[in-house]
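Input: a single structure, listed below in structure tokens.
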Number of protein chains: 2
Amino acid sequence: MNSREVKTALYKEIATVTKALGNPHRLEILDLLAQGPVPVEYISEHINLPLANASQHLQVLKKANLVNVERKGKYIFYALSNDHVYDVWKSLRKLGFNQNQEVQKLVDEYRQQREDLQVICAEELIQKLETNDIILVDVRPDEEYRLGHIQGAVSIPYTEIREYLKELPVDKEIVAYCRGPLCMMADNVVQLLNRSGFKAYRLDVGVPECESFGIALEAVAT
Amino acid sequence: MNSREVKTALYKEIATVTKALGNPHRLEILDLLAQGPVPVEYISEHINLPLANASQHLQVLKKANLVNVERKGKYIFYALSNDHVYDVWKSLRKLGFNQNQEVQKLVDEYRQQREDLQVICAEELIQKLETNDIILVDVRPDEEYRLGHIQGAVSIPYTEIREYLKELPVDKEIVAYCRGPLCMMADNVVQLLNRSGFKAYRLDVGVPECESFGIALEAVAT
DNA sequence: ATATCATTCAATTAATTTATTGAATGAATA
DNA sequence: TATTCATTCAATAAATTAATTGAATGATAT
């Protein structure tokens, strides 16, 4: 095997993995799996994809070694096979945001309620946690909260936020977070909270990035 | 536009960019463009791809905003549109190496002459440059050397190394480098040098990564 | 042991991607 | 202004990918 042949084979191999990533549904699956291992059914429901279809895409990811499979009782749980996978997704996301005006426009349009939407970064959260007495709210589905959430956060799924409006203290700042930059669950919650008289912020990173910023996580023991 | 529609559009946009990356030839083009802006013809020759085919792939990259186009005289130069593109390629490369045993096997097999191949990392190069009196050799094609190389390096394209064997001093250590981890030009040179009685190493990073390790680059004024 | 049911498979169709060929463009130089 | 030639376009055929449907697995738990 000469150098040209090795090179051809190398790029082919890496392109195979890249191809497995090059599908909107599969990217969304990875973004969801970054929250923690979940069964096929959960994926199918949460990203609005027929079950057989979700399974098929998972097979593609599995063949590319991007996900791990583990059976627990009745369900088969899929998980990202390691941190490199999320790293790639992060850099793809960043590239998409910076290269593609379409992407930026989409997010900007959806977040045009920016007067109501104050975003804070990881460092600001750490500072607020140290100096202020804030309430940290995890607005993802409860399943994902249980798999892992920021230390001290309470779980209020975005679908249930209205029921908690009366219970939340108006005199404390509230920081809401969700899956990550492309996730809009926190946006909606923060908007509603601010319009209801609270002082609320959204965290600009999601649970998967937290540890790299020195934000400790914890999980609900099962 | 509701949240589901925004999400679908977002993932679709990012998947479009990812798809543009998901082809072996296009990945190799990006790896080459990371060395500096070159015309279509240069790409076609160096990655062994018919001209019309190379052009076609470049159009795909262009449509995805991954490359910039600039005419200079007779030639049209293509370049990576920004650092994010190389970041993605880097993380894909890392993922490919870690996930895919095929990739590792390929590189290992090609480098099975490991007795002859001592690899040093960026930090070790910096140390050697400070303490020892070494010779740093850029073994890429001269065009790429001129576009940018490590400060103080001399250009000895790997195709011409045999002609320089007599001129190189046997009493100094030699460090050779090339395009990056997937590039084998330095491997071949280092192997030949060591078998010819020199003390030679290969640098494990390429020119594009150098600056992030604090290794200064310089270019030949045109 | 068997019924349940979460998941995968299989087969079809439609859509997209790729390589190849030769012709067309169009900017730059003489 | 004409000619050169680097690059792109266009058209075709082959190969790959994706969605859909309903049937088939096969491990779990009763």
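Below, chains carry the letters A, B, ... as their sequence lines are ordered, and counting in each starts from 1.
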When the distance from OH of B/Tyr75 to C1' of D/dT7 is rounded to whole Å, what number comes out? 12 Å

Partner of A/Gln35 under side-chain hydrogen bond (donor to acceptor under 3.5 Å, both in side chains), picked from A/Glu143, A/Arg179, A/His149, A/Arg140, is A/Arg140

Heavy atom of residues 8-29 of chain B under 4.0 Å from DNA chain C: which residues? B/Lys19, B/Asn23, B/His25, B/Arg26

Categorize A/Leu51 for me: base, sugar-phosphate, or nothing, with a 4.0 angstrom heavy-atom threshold over every strand shown. base

So A/Phe77, base contact, sugar-phosphate only, or nothing? Heavy-atom distance under 4.0 Å. nothing

Let me spell it out: for each of A/Ile76 and B/Val60, pick the nucleotide of DNA chain C with the closest heavy atom. Which residue's pick is nearer the 5' end? A/Ile76

Mind running side-chain hydrogen bond (donor to acceptor under 3.5 Å, both in side chains) on A/Gln101 and B/Asn65 for me, showing each step along the way? CA-CA 10 Å; A/Gln101 286 141 342; B/Asn65 292 313; 5.6 Å; no

Decide whether B/Ser81 and B/Asn68 meet the rule of one side-chain donor and one side-chain acceptor closer than 3.5 Å. no

Just do the side chain to side chain contact (heavy atoms under 4.5 Å, CB included) check on B/Leu192 and B/Ser196 with the steps written out, would you? CA-CA 6 Å; B/Leu192 178 67; B/Ser196 307; 4.1 Å; yes

Can you measure A/Leu58 atom CG to D/dA18 atom P for me and round it to whole angstrom units? 13 Å

Take atom NZ of B/Lys63 and atom P of C/dT16, then tell me their distance rounded to the nearest Å. 12 Å

Aromatic rings B/His46 and B/Tyr42: how do their planes relate, parallel, tilted or perpendicular, breaks at 30° and 60°? parallel

OP1 or OP2 of D/dT8 versus the side-chain N and O atoms of B/Tyr78: is any pair under 4.0 Å? yes

Nearest 0.5 Å, please: how far is CG in A/Leu21 from OG1 in B/Thr18? 6.5 Å

How many whole angstroms separate atom CD of B/Glu45 from atom C1' of D/dT7? 14 Å

Under 4.0 Å between a side-chain nitrogen and a carboxylate oxygen: does that hold for A/Lys19 and A/Glu13? no

So, are A/Glu167 and A/Arg162 salt-bridged, with charged N and O less than 4.0 Å apart? no

Let's see if you can work this out: which of D/dT28, D/dT20, C/dA19 has an atom nearest to the side-chain heavy atoms of A/Arg71? D/dT28

Out of D/dT7, D/dC5, C/dA19, whichever nucleotide has its closest atom nearest the side chain of B/Asn53: C/dA19

NA contact type, B/Gln59, heavy-atom cut-off 4.0 Å: base, sugar-phosphate, or nothing? sugar-phosphate

Rounding to an integer number of Å, can you tell me how far A/Leu49 CG sits from D/dA18 P? 12 Å

Is the phosphate of C/dT17, meaning OP1 or OP2, less than 4.0 Å from a side-chain N or O of B/His57? no

N-O pairing of A/Asp187 and A/Arg202 below 4.0 Å: yes

So B/Tyr42, base contact, sugar-phosphate only, or nothing? Heavy-atom distance under 4.0 Å. nothing

Interatomic distance where NZ belongs to A/Lys72 and C1' belongs to D/dA27 [whole Å]: 17 Å

Would you indicate which nucleotide in D/dC5, C/dG22, D/dA19 comes nearest to any side-chain atom of B/Lys74? D/dC5

On DNA chain C, nearest-nucleotide positions of A/Lys62 versus B/Gln56: which is more 5'? A/Lys62

For side chain to side chain contact (heavy atoms under 4.5 Å, CB included), just list the numbers for A/Leu66 and B/Leu95, CA-CA rounded to whole Å, side-chain angles, deciding distance to a tenth of an Å, and then say yes or no. CA-CA 9 Å; A/Leu66 295 168; B/Leu95 180 67; 3.7 Å; yes

Axis-to-axis angle for the helix from C/dA1-D/dT30 to C/dA30-D/dT1, ends of five pairs each, to 10°, equals 40°

Side chain of A/Glu41 - closest among D/dA27, C/dT7, D/dT7: C/dT7

